[in-house]
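First the structure, in the form of structure tokens, and then the observations on it.
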Amino acid sequence: MSYQHQWKDGTATGSTPGKIVCVGRNYAEHARELNNPVPPQPLLFIKPATAACPLTAPIKLPANLGSVHYETELAILIGRPLTRASETEALNAIAGVGLALDLTLRELQTRLKTDGHPWERAKGFDGACPLSPFVPVSEFDSLEALQFSLTINGDIRQQGDTRDMITPLLPLLAHISETFTLLPGDVVLTGTPAGVGVLESGQHLKLELSGRLEVETGVE
Ligand code: ZN
């Protein structure tokens, strides 16, 4: 695995992920569509660095492990260490903003959850986190209201607006850093809006972020 983060102009950021910290059920409508209660505090999990791969490359679906669901999420590239950070420190540590697919082996996840086991096999496998190139944070006037979407074969499947997050971006980064120190190159996935579904071979995907980024990819 030799994944390295890129900026949207194609240059290397010079950083690689140590880990990808994710939050589950951060959009109420998505929690409802899977019949999950909204947790009292952010539900955190981690994908290993080996899950990261470029979103621009064709997506490979794991064989014989059941359906692979897409979850389109705003991805934050960390540029400075954060430990027990304030929201201001969190803001100053954001290097870039991009999009990710939190790929999930849904039947396997359901089985693991039912048995009370950890989810890693369902969400942390090799290639489980396709990441877009990142837009430098300096290109945004504000990170308060970012819209993003996923279109599959011309149909809009997911539309997110960061104003709908249950735990907004800066409190989320601050909260994560209470437990997990975030280091330069780490990525935070901020949760998926409603509309998750099954990826199938041959699909064409287009992901867009607030007029700043458009990435197209396909499923092998
Ligand atoms: Zn997710």
Side-chain angles (χ1 to χ4, degrees), residues 17 19-55 59 61-62 65-78 97-113 117-132 134 146-152 156-169 171-173 175-176 179-180 182 186-199 203 205 207-209 215 217 219:
K19 61 184 173 299
I20 300 156
V21 183
C22 309
V23 56
R25 305 177 201 165
N26 203 24
Y27 289 82
E29 278 184 37
H30 167 62
R32 272 198 289 279
E33 75 179 341
L34 295 184
N35 291 317
N36 285 320
V38 171
Q41 65 169 2
L43 177 62
L44 303 180
F45 61 96
I46 288 180
K47 289 178 189 256
T50 43
C53 63
L55 180 59
I59 296 168
L61 300 177
L65 291 172
S67 61
V68 181
H69 271 209
Y70 54 82
E71 297 187 355
T72 311
E73 311 202 3
L74 189 82
I76 300 297
L77 176 62
I78 300 297
V97 181
L99 294 170
L101 291 175
D102 168 12
L103 296 185
T104 305
L105 291 162
R106 191 67 76 196
E107 284 95 32
L108 178 58
Q109 185 196 28
T110 301
R111 241 181 4 256
L112 292 167
K113 279 161 64 177
H117 293 157
W119 299 347
E120 274 83 352
R121 286 174 184 272
K123 282 189 174 274
F125 57 90
D126 286 357
C129 193
L131 291 167
S132 78
F134 287 90
L146 300 178
Q147 288 84 39
F148 58 97
S149 66
L150 168 69
T151 304
I152 300 183
I156 295 189
R157 298 291 187 88
Q158 289 195 277
Q159 282 182 297
D161 186 318
T162 55
R163 285 172 296 189
D164 296 330
M165 285 183 184
I166 293 167
T167 306
L169 183 55
L172 178 64
L173 294 178
H175 177 80
I176 289 170
T179 306
F180 306 109
L182 292 168
D186 286 351
V187 174
V188 172
L189 263 51
T190 54
T192 193
V196 302
V198 179
L199 277 185
Q203 285 172 332
L205 279 63
L207 289 81
E208 291 178 276
L209 168 60
V215 183
T217 190
V219 183

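One-based numbering, in listed order, for ligands and for the atoms of each.
To the nearest 0.5 Å, atom CD of residue Q109 and atom NZ of residue K113 are 4.5 Å apart. Considering CD of E73 and OH of Y27, their distance stands at 8.0 Å, rounded to 0.5 Å. We find the CD-CG distance between E71 and L34 to be 7.5 Å, quoted to the nearest 0.5 Å.
The closest approach of E71 to the Zn ion (ligand 1), by N/O/S atoms, is made by OE1. Within D102, the N, O or S atom at minimum distance from the Zn ion (ligand 1) carries the name OD2. Summary: OE2 is the N/O/S atom of E73 found nearest to the Zn ion (ligand 1).
There is a side-chain donor-acceptor pair under 3.5 Å between S67 and E107.
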